[in-house]
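I have placed the structure first, in the form of structure tokens, so that the comments after it can refer back to it.
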Protein chains: 2
Amino acid sequence: MTQTRTRLERGRGALGPALALVHTGCAPTRSVLTAELGVTRATAGAVAAELEALGLIRVDARPGGAPGGQGRPSHRLALAPDGPVVLAAQVHVDGFRAALVGLGGRIVATAPACLTVSADPAQVIDAVVEAGVGLLRETGRRCVGAGIAVPSAVAEPEGTALKPLRIAWPAGAPVRELFTRSLAAAGIDHPGFAGNDINLAALAEHRHGAGRGARHLLCVATGHRGVGGALVLDGRLHTGSSGLALEVGHLTVNPDGSGCHCGSRGCLDIEADPLAFLTAAGRRPGPDGSPLHQARELLRDHAADPSVRRAAHQLIDWLGLGLAGLVNILNPDRIVLDGLHRDLLAADPERLRAVVAERSLWGRSGAVPILPSTLDHSSLVGAAELAWQPVLDDPLTALAAERVG
Amino acid sequence: MTQTRTRLERGRGALGPALALVHTGCAPTRSVLTAELGVTRATAGAVAAELEALGLIRVDARPGGAPGGQGRPSHRLALAPDGPVVLAAQVHVDGFRAALVGLGGRIVATAPACLTVSADPAQVIDAVVEAGVGLLRETGRRCVGAGIAVPSAVAEPEGTALKPLRIAWPAGAPVRELFTRSLAAAGIDHPGFAGNDINLAALAEHRHGAGRGARHLLCVATGHRGVGGALVLDGRLHTGSSGLALEVGHLTVNPDGSGCHCGSRGCLDIEADPLAFLTAAGRRPGPDGSPLHQARELLRDHAADPSVRRAAHQLIDWLGLGLAGLVNILNPDRIVLDGLHRDLLAADPERLRAVVAERSLWGRSGAVPILPSTLDHSSLVGAAELAWQPVLDDPLTALAAERVG
DNA sequence: CTCGCTTTGTATCGCCCGTGAACAAAGCAG
DNA sequence: CTGCTTTGTTCACGGGCGATACAAAGCGAG
């Protein structure tokens, strides 16, 4: 088809922002896109057409089912159902998982989770890439990036995993370099991105979950041990100057608490993690099974048990104090909790909100909304967000070359 | 002179960034400007010419005194000596002060400081504006904005002063509104900006002082009582979602400390402010004179006195703990201290750095530089920065209309 | 059903901003 | 003085986007 195809090279500067709006579901129609971008209809039209030509979105000339408003109905903008994907992976204590994720945080295909994790990061990363390549072959999708979430701080700009690793990798493991090299060896010509799992979970919640629309989003979560935090500022992850920010586990919350390896005592890490909950409830951590799972089950199945209730209240109080401290420093406009903290919030939302309001300096004037996380596999989706970022920043150069049409 | 004047309307997008570079002293010559902006020589030339036409900078065709390099020497860029100014003011416990501040944080003229401060904010603000108008008349400079620093948190977006006010103003005083109205009544047609004094001091240090070039700058300071903090992220003040961030005074640093009005105990506010220092040194705060002045004198004049040394060490330890906590959460790449903390740093820099390194999670891998502030009247200069911001963001629309030529 | 009203999509024009290339200018080294 | 290097200047070109005018698509009133 020698379809002449009008110039239509317009709208490069607004291309990224436009894609981001569709990606986060903030621009369901072309007229909304026009308003959100603050451009003219002509430009928005050109941008939408360009994104469609790139195979990223689909512009439906409105098949039917309008909610009924005045004037001509606007064209619906949807993510291309067969668009490109990124390879995303999540490594945690129990093992790892690889998947293909499309725009909008949609998990397109998942490889069976691996339930063990090698002490050699290269081995794990190679397995992740191998699984990803398998999925790409099966689905025939085009891969435009890759990201991995790891259970440790990731130093910037080196991309290495730092010491308090929650798995048995060596400190300083060059995760990003290994990932990029493994991808290249598998024929995927994109840099691999790596990030801390809680940071990436927060990013995912901000784009597609309970954090949508927040300007300054604070996320706090427990893994199996310890407490982690993350902050999304104006849509971007705040990882500090070297990737080590939001290490919230060592805020002092209980002056009478027990000692922590950090040299202080009564740290949030010690007082408000799953192990602390089990201890407070008079249970012993089982020899197998993680404290997190054990604690969540206990909280779910025995909410009526007075010792469990008391333990929950105690943890809520420590958590609330920690959150109040963070609110004093960061002044976020929303807090999202995950892991055991999510369950604690569900168990007694009022108590937690009351503690935070009472103990933060400005809590009484305007309380910060505290919400439970809403995504499954948030770290995985967050790893995908990391990989999508170059495309969201500049679709044309990120996707380069060949375009559909 | 009917000088034809070439079109030369070029370079609008890069105008703001270019001015910011000259303003902060990061672009001393046109060739450096070209490199920093990442544009061609042609564009940089047009931009510089436009800024000169606006009366903001001066392009010297190199009178002499080259350091001697290869090739043709580049034109020197200087701030216009008679360019526009902003009206800046600083309100503190002891009184207030008004001044005119030019680009580059240069204080052009200062009104005699007023040594009392009324309990009625409107009265103080009117006096500030009156003094400013007087200075404008005397100097004949053009005023393009106004900013005021107040000793309390300023709520965004309302621009009201919030409760823990360090002066006797009513809580919720609508500072910005009063300021803007007073300016309008005096014939100054610009919105007044208001900010917390420590925040603005941090902004000033970042642009013109010890914080220059830092990506994430943390400032901590004592006033006469209590401890305050501020954070500059990528050149912008981080005031949180409602202007209340960096309330660092209530970090717990001494689990065995005494009670604080916030409900906790051993807060930084209680343990590391001038009063705490006087108490630790076995002195009594004088009935008149502020604890800050008294503490600084004590530290300066009696450094050899063992009780003063001990008190300094104790405060350094608490301060170090607080800074370590902040480093864990914010991961700044530089810390600047002001007020009594600046003197404590000077008294024993190694001790403070050691405490911070030891008690922050990542301190051992890479220590954060901790520096003393270098500006006088930093809050005043910071208030001016606030007023300059619209000009730095978009000189053309901010200065509108009439241009020199 | 038809005629307006309202809102959206499309085509065209022109401006503004910035690049690229060619040339002139200014200093240094031989 | 001649060549080399770096910088300033001019000019033509082109991309991106606004403005405008017009066409298209629903809805409701008559």
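Predicted, not measured: the structure shown is a model, and the values here were computed from it. Chain identifiers are assigned alphabetically (A, B, ...) following the order of the sequence lines, protein sequences preceding nucleic acid strands; residue numbering begins at 1 within each chain.
- With rounding to whole Å, Asp60(B) atom CG is found 16 Å from dA26(C) atom P.
- A straight line from CG of Leu33(A) to P of dG9(C) spans 10 Å, rounded to a whole angstrom.
- At whole-Å resolution of the value, CD in Glu50(B) and C1' in dC16(C) are 12 Å apart.
- Checked against dG8(D), dA26(C), dG9(C), the side chain of Arg30(A) finds its nearest nucleotide in dG9(C).
- Listed nucleotides: dG27(C), dG9(C), dG26(D). Nearest to the side chain of Ser74(A): dG9(C).
- Relative orientation of the His23(A) and Trp388(A) rings is tilted, given thresholds of 30° and 60° on the angle between their planes.
- The residue among Gly71(A) and Gly38(A) whose nearest nucleotide of DNA chain D is located toward the 5' end is Gly38(A).
- Between the P atom of dG8(D) and the CG atom of Leu37(B) lies a distance of 13 Å, rounded to the nearest Å.
- Looking at the side chain of Ala42(A), the nearest of the listed nucleotides dT8(C), dA11(C), dC17(D) is dA11(C).
- Summary of the strand contacts: Val39(A) and Arg41(B) both lie near DNA chain D, and taking for each the nucleotide with the nearest heavy atom, the more 5' one is attributed to Arg41(B).
- Protein atom CZ of Arg76(B) is 15 Å distant from nucleotide atom C1' of dG27(C), rounded to whole Å.
- Aromatic ring centres of His216(A) and His238(A) lie farther apart than the 6.0 Å criterion allows.
- With sequence neighbours left out, Asp234(B) forms a salt bridge (Lys or Arg N to Asp or Glu O under 4.0 Å) with Arg215(B).
- Near DNA chain D, meaning a heavy atom under 4.0 Å from it, residues 18-29 of chain B has no residue at all.
- A donor-acceptor contact shorter than 3.5 Å links the side chain of Glu205(A) to the backbone of Ala210(A).
- Using a 4.5 Å heavy-atom threshold, the side chains of Pro191(B) and Phe179(B) count as separate.
- Between the side chains of Ser242(B) and Asn331(A), a donor-acceptor pair is found at a separation under 3.5 Å.
- Between the CG atom of Leu15(A) and the C1' atom of dG16(D) there is a distance of 12 Å, rounded to whole Å.
- When the nucleotides dT7(C), dA26(C), dT7(D) are ranked by their closest atom to the side chain of Arg72(A), dT7(C) comes out on top.
- Following rounding to the nearest Å, His75(B) (NE2) and dA25(C) (C1') show an atom-to-atom distance of 9 Å.
- In this structure, CG of Leu396(B) is placed 12 Å from P of dC16(C), rounded to the nearest angstrom.
- Sorted pairs that involve residues 17-34 of chain B and meet salt bridge (Lys or Arg N to Asp or Glu O under 4.0 Å), not counting sequence neighbours, are lacking altogether.
- Side-chain nitrogen and oxygen atoms of Thr43(B) include at least one within less than 4.0 Å of the OP1 or OP2 phosphate oxygen of dT19(C).
- Remark: Thr40(B) is not in phosphate contact with dG18(C), judged by side-chain N or O atoms under 4.0 Å from OP1 or OP2.
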